[in-house]
Protein chains: 2
Amino acid sequence: MNKKADKINHNPEIVKEMEIFNEFLKKKDLKITSQRMLVAETIFSIHQHFTADSLLELLKDHRDEISKATIYRILSIMVEAKLLAEHDFGKDFKYYEHIIGHEHHDHIICTDCGRIVEFVVPEIEEMQQRVAQEKGFSIQGHRLNIYGSCQKKPGCEFWTKKS
Amino acid sequence: MNKKADKINHNPEIVKEMEIFNEFLKKKDLKITSQRMLVAETIFSIHQHFTADSLLELLKDHRDEISKATIYRILSIMVEAKLLAEHDFGKDFKYYEHIIGHEHHDHIICTDCGRIVEFVVPEIEEMQQRVAQEKGFSIQGHRLNIYGSCQKKPGCEFWTKKS
DNA sequence: GTTTATGCAAACAATTTGCAGAAGA
DNA sequence: TCTTCTGCAAATTGTTTGCATAAAC
């Protein structure tokens, strides 16, 4: 592990999330590397949806410490560890968000500016059960995306790629 | 238009859908070509979800009359014409289904075999309105996908690509 | 030491596109 | 004719992978 990595984060929430990640790595006989720590810390400090590319951008000062391939590899580990959820919002790249400490929610997406807003509708869980039962499925989960326009709220710009 | 194209379909539903498509083409100053007619007829006779590749497979006897590039181009016209809906079911290719005469519905997808089952839950529309209002969005629509397992119903096989 | 990770560049796969010749209006 | 289409092959784009080297344990 190189020296940059000991810039450890003292935010208690992030510390806790890092511990969970480390547990997972150990359990799976995966190694605790400086890249994994750096990416995980960065991700845990983001409180919005992000993409592989926007993560890369956040890490641009560490360009010499981590490659794009490694970022993709770490993202897939974190999804497997259920620390991250992967989303498709109708673009041709994936969005991620970290899960821990976030109540289950769905998303409403502005097709003008790409803004993503979370919402919680408790009755969806019950509806999901009902549909699954009726169709004879066991349930893993659901994704509900509502598409619309946020109507030029401040910050609403044309939806650029990989934002 | 080559001679193969005058193998016209007499199913009244398909005839009606073809007319709508032709209207759209005229309105947009697009030409009525044998490829467009062939693809549209084929699509209108499918009553399941399909992909660009499965469509190509259905058209394999016409391989010399139509290319993959043209199929993609026609799919995008038909989506624009709102004759087709495009879906993302968590794979890295798109699914399509034809819309006309199909009540609005959502999907439950088997993550073991890829089976896609439609369901209708009227209260979603109302919930959608409520969320949009609360968040200050105008609505275009929604996509609700439930993921689970159909529990080895007859025909449930491992989910192959592009099925 | 042995195993697992990383970086790089090449590979992938679905989809898109430029272009020259073909077909529709 | 004049315009739009098509087929082809090449380009694109997000993501994945093989492999030699490097780091973790």
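So you know, we letter chains A, B, ... as the sequences are listed, proteins then strands, and number each from 1.
Every residue two or more places apart in sequence or in another chain was checked for a side-chain hydrogen bond (donor to acceptor under 3.5 Å, both in side chains) with A/Glu86, and none qualifies. When the side-chain contact (heavy atoms from CB on, under 4.5 Å) test is applied to A/Leu25, the partners found at least two apart in sequence or on another chain are A/Phe21, A/Asn22, A/Leu30, A/Ile32, A/Arg36, A/Met37, A/Ile77. In this structure B/Thr70 satisfies the side-chain hydrogen bond (donor to acceptor under 3.5 Å, both in side chains) test together with B/Ser67, sequence neighbours excluded. Considering only residues two or more places apart in sequence or on other chains, B/Gln140 meets the side-chain hydrogen bond (donor to acceptor under 3.5 Å, both in side chains) condition with A/Thr111. Checked against side-chain contact (heavy atoms from CB on, under 4.5 Å), A/Glu118 has the following partners two or more places apart in sequence or in another chain: A/His49, A/Glu97, A/His105, A/His107.
Between A/Asp92 atom CG and C/dT16 atom P the separation is 9 Å, expressed in whole Å. If you take CG of B/Asp29 and C1' of C/dA23, they are 17 Å apart, rounded to a whole angstrom. The distance from atom CD1 of B/Ile71 to atom P of D/dC8 is 12 Å, rounded to the nearest whole Å. For the pair A/Phe89 CZ and D/dG14 P, the computed distance is 17 Å after rounding to whole Å. Taking atom CG of B/Leu56 as the reference point, atom C1' of C/dA14 lies 12 Å away to the nearest angstrom. Atom CD1 of A/Ile32 and atom C1' of C/dT3 are 15 Å apart (whole Å). In this structure, A/Leu75 places its CG atom 11 Å from C1' of D/dT15, rounding to the nearest Å. For the pair A/Leu30 CG and D/dA23 C1', the computed distance is 15 Å after rounding to whole Å.
When distances run from any side-chain atom of B/Ala52 to the nucleotides C/dT15, D/dA23, D/dT15, the shortest one goes to C/dT15. With D/dT15, C/dG7, C/dT6 as the candidates, the nucleotide lying closest to the side chain of A/Lys94 is D/dT15. Distance from the side chain of B/Thr70 is smallest for D/dG7 among the nucleotides D/dG7, C/dG7, D/dC25.
A salt bridge does not link B/Glu134 with B/Arg130: every distance from a Lys NZ or Arg NE/NH1/NH2 to an Asp or Glu carboxylate oxygen is 4.0 Å or more. Salt bridge status for B/Lys16 with B/Glu13: absent, with no side-chain N to carboxylate O gap under 4.0 Å.
In this model, the phosphate group of C/dT6 is approached by a side-chain N or O of A/Thr33 to a distance below 4.0 Å at OP1 or OP2. Side-chain nitrogen and oxygen atoms of B/Gln35 include at least one within less than 4.0 Å of the OP1 or OP2 phosphate oxygen of D/dG7.
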Please list, for nucleotides 17-21 of chain C, all pairs of protein and nucleotide N/O atoms separated by less than 3.5 Å.
none

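For A/Lys68 against D/dT15, no side-chain N or O and base N or O form a donor-acceptor pair under 3.5 Å.
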